[in-house]
Amino acid sequence: MGKLDKFIEVGRVAFIANGKDSGKVCAIAEIIDQNRVLIDGPCSGVRRQVCDMKRLHLTRFCIDLPHSARTAVVRRKWTAAKLDEKWKETSWAKKLEARRLRTNMSDFDRFKLARAKQIRNSIIALAAGKIRKEAKAKPNALRFRKPNKKRHIKKE
Amino acid sequence: LQQMAKSSAPHKPKNSAINASRLMKYSRARIFQRKAAYKVKKVKTPAKKSAEKAAAAAAFVVKKIGGDKNGGERKVYKKTPKSLPTQVASRKVQLRPKKTFKKHVRRIRSNLAPGAVLILLAGRHKGKRVVLLKQLESGLLLVTGPRKLNGCPLRRVSQRYVIGTKTRIDISKVALPERLNDAYFRRQRSAKKSAASAGGSADIFAKSDAAYAVSAERREDQAAVDKALMGAIKASGDGPMLRSYLRSLFSIKSGQRPHAMVF
């Protein structure tokens, strides 16, 4: 059970998780009954329609919408709130985008990625090797000491 | 009749089809009347039977025989066939007759265009990434490594054993030699072996063909195409990466699902 901080309410921006328009965000324009809401996403290509609450994953964004606001109003409020940008900046959206890029990689892209990883790993390995070498040069007593441990220094 | 033909205006057919159907306006009998065909005298053309035709039609063949005092020739009657058909063999109308291989429609997958990088899935060069040059008349694809990069020569390959990737190289400036066609790549059977098989007398276990040797024209064509292709690869955006890509081999790694992958 997560925090009960996001509510289904008029103006709540929700992410459609499955079915048609999956992957898009929309605003809740009206609550119909316990299970269904009226959603509308004019700026994200979601037609005004009835949607089951179970399909929606709520975001932390909420716009100031009067209930049953028509599409033009939703569009106005959405652009005023700059929701497109705000959504893109969330790590949720970024993760989705990264996943999308990964699945749409062509064979050549996969090769380039593998090659880039290899180069990065060789740089890391080189640097790690250097550190290991320097550590080996240190005397044993100093090598295995915890660097920030509080030591009792005898008063002499 | 000839005079009439000369003086008449452009020919207007006397009969016509009704409403674009197969039915004609006038029946055969009616047209006979309308054209006054009863006036036309039938001219019997003399039969132009050549001597050979006459001989073929005859029931016997005249053959010369040796020896004297025996007439010098004999009439050899043609043998009647052992069985004669009692009915006319009905010919099934071939609405869609069998097409010879040459006439088959050659299709090509939409994602395979000249310049596409392909992954070979079978054969000697399996796993290699090669460049598609064109589709030959037989439907097979003409590919090359380039040989400099991965050792795959100018070669024919079936579409079925190939994955077409999205990667494209612009080969519009690559001029392919004219002689690269199916006959060029056809497997050469040594003459001796074919003669032996026809005769049936030679030793069938004799290895008559020597090891395959690359012909001079193959080398020439390979060098020319490779040069042009390497130029095209260099000119394309990802030049160095593309080169090492074509050198590498394709394999499925753990966790990769080919049906879910985009190539």
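Atom set for the values below is all heavy atoms of this structure, side chains included, hydrogens, waters and symmetry mates excluded. Within every chain, numbering begins at 1; the chains are lettered A, B, ... in the order of the sequence lines, protein sequences first and strands thereafter.
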Part of B/Ile163 lying under 4.5 Å from any heavy atom of chain A
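Interface part for B/Ile163: neither.
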
Atom of A/Asn104, atom of B/Lys166 and distance for their closest heavy-atom approach
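Distance-wise, the nearest heavy atoms are O-NZ, 4.1 Å.
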
Is it the case that over 12 heavy atoms from other parts of the model lie below 6.0 angstrom from the [atom1] atom of [X]?
X: A/Lys82; atom1: NZ; answer: no
X: A/Arg102; atom1: CZ; answer: no
X: A/Gln34; atom1: CD; answer: no
X: B/Lys14; atom1: NZ; answer: no
X: B/Lys148; atom1: NZ; answer: no
X: B/Arg179; atom1: CZ; answer: yes

Main-chain N/O of B/Val262 paired to A/Arg110 side chain as donor or acceptor, under 3.5 Å:
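Between the backbone of B/Val262 and the side chain of A/Arg110 there is a qualifying donor-acceptor contact (under 3.5 Å).
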
Using non-hydrogen atoms and a 4.5 Å limit, figure out which bit of A/Phe111 sits close to chain B: side chain, backbone, both or neither.
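It is the side chain, since no backbone atom gets that close.
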
Between B/Arg129 and A/Asp107, does the side-chain contact (heavy atoms from CB on, under 4.5 Å) criterion hold? Intermediate values first, please.
CA-CA 10 Å; B/Arg129 295 168 168 117; A/Asp107 191 51; 2.9 Å; yes

Between CZ on residue A/Arg115 and OH on residue B/Tyr245, distance to nearest 0.5 Å
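These two atoms lie 12.5 Å from each other.
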
Taking the side chain as every heavy atom from C-beta outward, state whether A/Phe108 and B/Thr165 have any pair of such atoms under 4.5 Å apart.
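Answer no - side chains too far apart.
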
